[in-house]
Peer 1: 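Here it is, the structure, as structure tokens.
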2 protein chains.
Amino acid sequence: MPTPTKDRILDVTAELFRRYGYTGTGLKQIVAEANAPFGSLYHHFPGGKQELGAEVIRRSGQMYFELIATIVLAAPDVLTGIADAFTGAAVVLRETDYADACPIATVALEVASTSEPLREATAQVFESWIRGLTEAFVGAGVERDAARRLAISIIEILEGAFLLCRAAKSTEAMEVAGETATAAVRAALAGTARD
Amino acid sequence: MPTPTKDRILDVTAELFRRYGYTGTGLKQIVAEANAPFGSLYHHFPGGKQELGAEVIRRSGQMYFELIATIVLAAPDVLTGIADAFTGAAVVLRETDYADACPIATVALEVASTSEPLREATAQVFESWIRGLTEAFVGAGVERDAARRLAISIIEILEGAFLLCRAAKSTEAMEVAGETATAAVRAALAGTARD
DNA sequence: GTCTATAGAAGGATAGAC
DNA sequence: GTCTATCCTTCTATAGAC
């Protein structure tokens, strides 16, 4: 049986990072919400906040990818799957008062110019998302290079929408993003069907 | 003659916010880099960090809008202007080691769930960008509703690209973003030409 | 309007008992 | 592995001399 304390710390930190960012989240805040003693944090993460941060970034990135993959794979086709993902993102934003958006975007921007290990962790997460989406589009018949560019575009649109929605406390930008994203997917699939 | 100390504080803060974010920038760091005494900060900004932050957000937002407007207006047409803006963004990213991206994105995500006054300031900046771009597309013949959706999409793509580029320390995502953005503009203009 | 000193809280990190 | 106490630094903010 794996130690639950470590998992609680990871879960709580992921939640706090998503809402308040890396520098905005204190270690004391983390152990308080995780009902864990302060010493346990440094026992499980001897590297301190950086080590904990890196593990949370990777973990959150993988969990979010699995969430999106589940939505996309549940749909009858890729186009519908992408549309569902954007619709779902809008619903979650409204339900959480615009707190639950991308789990690593805030942290990624914060650490980009301040911590190489953490920047690399965020870069690996985004690259894994790009690769996963690329495979989905390749599976739908899109040529590999076009599929990667499409995957990058979809993620860019989603991330940009998260930013505008959180700032405006409105889902208008996510609805627009869904239209733009599906249009891009449709165009790529049409380009393939022409062969 | 306006007081130069206040302007120096504003300029330095804008630069630090862009790179390190809101919580990642300390007031002591600001006065040190601005060569200003600590007391001057609270003399010019009695509301402390929040008041300074709000003013910097609005100021940075307006300056960045003017920068983009200059690039777009210098081009022969809107399509070329948008393409130039994305190309220019990629150049700046490379030249500044991926530090100079969107001046308010990091701050916007940090404050979205922590400070209503600052969130509103970022929301107003994004809305002003959307309106400015909307007018440009309306001027190019795009129907107003479609123009607003196009403007939102362009900003989303740019912001998503900034995020991916800073994380990866690569301009691949910005190049892809430029293609996607110009394709969207081209499609909107084509829709108009059909009338 | 400029500048110094300092308060008071919160930050990350460590030591050592259990 | 758990938990407490504590160190040192940094943070925002204020007071008050000049």
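The chains referred to below are lettered A, B, ... by the order of the sequence lines, with proteins before strands, and numbering in each begins at 1. Any value given below was found using the heavy atoms of this structure, including those in side chains, with hydrogens, waters and symmetry copies removed.
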Peer 1: Under 4.5 Å between any side-chain heavy atoms of B:I104 and B:Y64, yes or no?
Peer 2: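 No. Closest side-chain heavy atoms not under 4.5 Å.
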
Peer 1: Quick one: which of A:K169, A:R166, A:R19 gives a salt bridge (Lys or Arg N to Asp or Glu O under 4.0 Å) with A:D97?
Peer 2: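 Of A:K169, A:R166, A:R19, salt bridge (Lys or Arg N to Asp or Glu O under 4.0 Å) with A:D97 is met by A:K169 alone.
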
Peer 1: Between atom CD1 in A:I9 and atom C1' in D:dC3, what is the gap in whole Å?
Peer 2: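 Checked: the CD1 to C1' distance equals 12 Å.
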
Peer 1: Just how far, in rounded Å, is C1' of C:dG12 from CG of A:L41?
Peer 2: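 Rounded to whole Å, this separation is 10 Å.
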
Peer 1: Given the ring of B:F45, does B:K6 sit roughly above its face, with NZ or CZ under 6.0 Å from the centre of the six-membered ring and within 45° of the axis?
Peer 2: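 Yes; both conditions hold, so B:K6 lies above the ring face of B:F45.
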
Peer 1: Please report, rounded to the nearest Å, how far the P atom of C:dA13 is from the CD atom of A:E51.
Peer 2: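 These atoms are roughly 11 Å apart.
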
Peer 1: In whole Å, I'd like the distance from the NE2 atom of B:H43 to the C1' atom of D:dC18.
Peer 2: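 To the nearest whole Å, that distance equals 14 Å.
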
Peer 1: Looking at B:T5, I'd like to know whether one of its side-chain N or O atoms comes within less than 4.0 Å of OP1 or OP2 on C:dT2.
Peer 2: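 Answer is yes, contact under 4.0 Å.
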
Peer 1: Minimum heavy-atom separation for B:V176 to A:R149, with atom names?
Peer 2: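 Minimum heavy-atom contact is CG1-O, 3.4 Å.
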
Peer 1: With sequence neighbours left out, write down each residue that passes salt bridge (charged side-chain N to carboxylate O under 4.0 Å, His left out) with A:R186, or none if nothing qualifies.
Peer 2: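 By the salt bridge (charged side-chain N to carboxylate O under 4.0 Å, His left out) rule, A:R186 matches no residue at all.
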
Peer 1: Within this structure, what is the OH-to-C1' distance between A:Y20 and C:dA10, rounded to whole angstrom?
Peer 2: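 Atom OH in A:Y20 sits about 16 Å away from atom C1' in C:dA10.
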
Peer 1: Can you give me the N/O atom pairs linking the protein to nucleotides 12-16 of chain D at distances under 3.5 Å, or say none if there are none?
Peer 2:
{"residue": "D:dT12", "atom": "OP1", "partner": "B:T25", "partner atom": "O", "Å": "3.4"}
{"residue": "D:dT12", "atom": "OP1", "partner": "B:K49", "partner atom": "NZ", "Å": "2.7"}
{"residue": "D:dT12", "atom": "OP2", "partner": "B:L27", "partner atom": "N", "Å": "2.6"}
{"residue": "D:dA13", "atom": "OP2", "partner": "B:Y42", "partner atom": "OH", "Å": "2.7"}
{"residue": "D:dA13", "atom": "OP2", "partner": "B:K49", "partner atom": "N", "Å": "3.1"}
{"residue": "D:dA13", "atom": "O5'", "partner": "B:Y42", "partner atom": "OH", "Å": "3.1"}

Peer 1: Against A:M174, only a single residue in A:L158, A:L164, A:T87 fulfils side chain to side chain contact (heavy atoms under 4.5 Å, CB included); can you say which?
Peer 2: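 Only one option passes, and that is A:L158.
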
Peer 1: Can you tell me if B:S40 touches the phosphate of C:dT2, counting only side-chain N or O atoms and a distance under 4.0 Å to OP1 or OP2?
Peer 2: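 For C:dT2, OP1/OP2 do have a side-chain N/O of B:S40 under 4.0 Å.
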
Peer 1: Just how far, in rounded Å, is C1' of C:dG1 from CZ of B:F45?
Peer 2: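 That distance rounds to 14 Å.
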
Peer 1: Would you mind reading off the distance between A:N35 atom CG and D:dT2 atom C1', rounded to a whole angstrom?
Peer 2: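 Those two atoms, CG and C1', are 14 Å apart.
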
Peer 1: May I ask you to evaluate whether A:H44 reaches the phosphate of D:dT2, defined as a side-chain N or O under 4.0 Å from OP1 or OP2?
Peer 2: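 Yes, within the criterion.
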
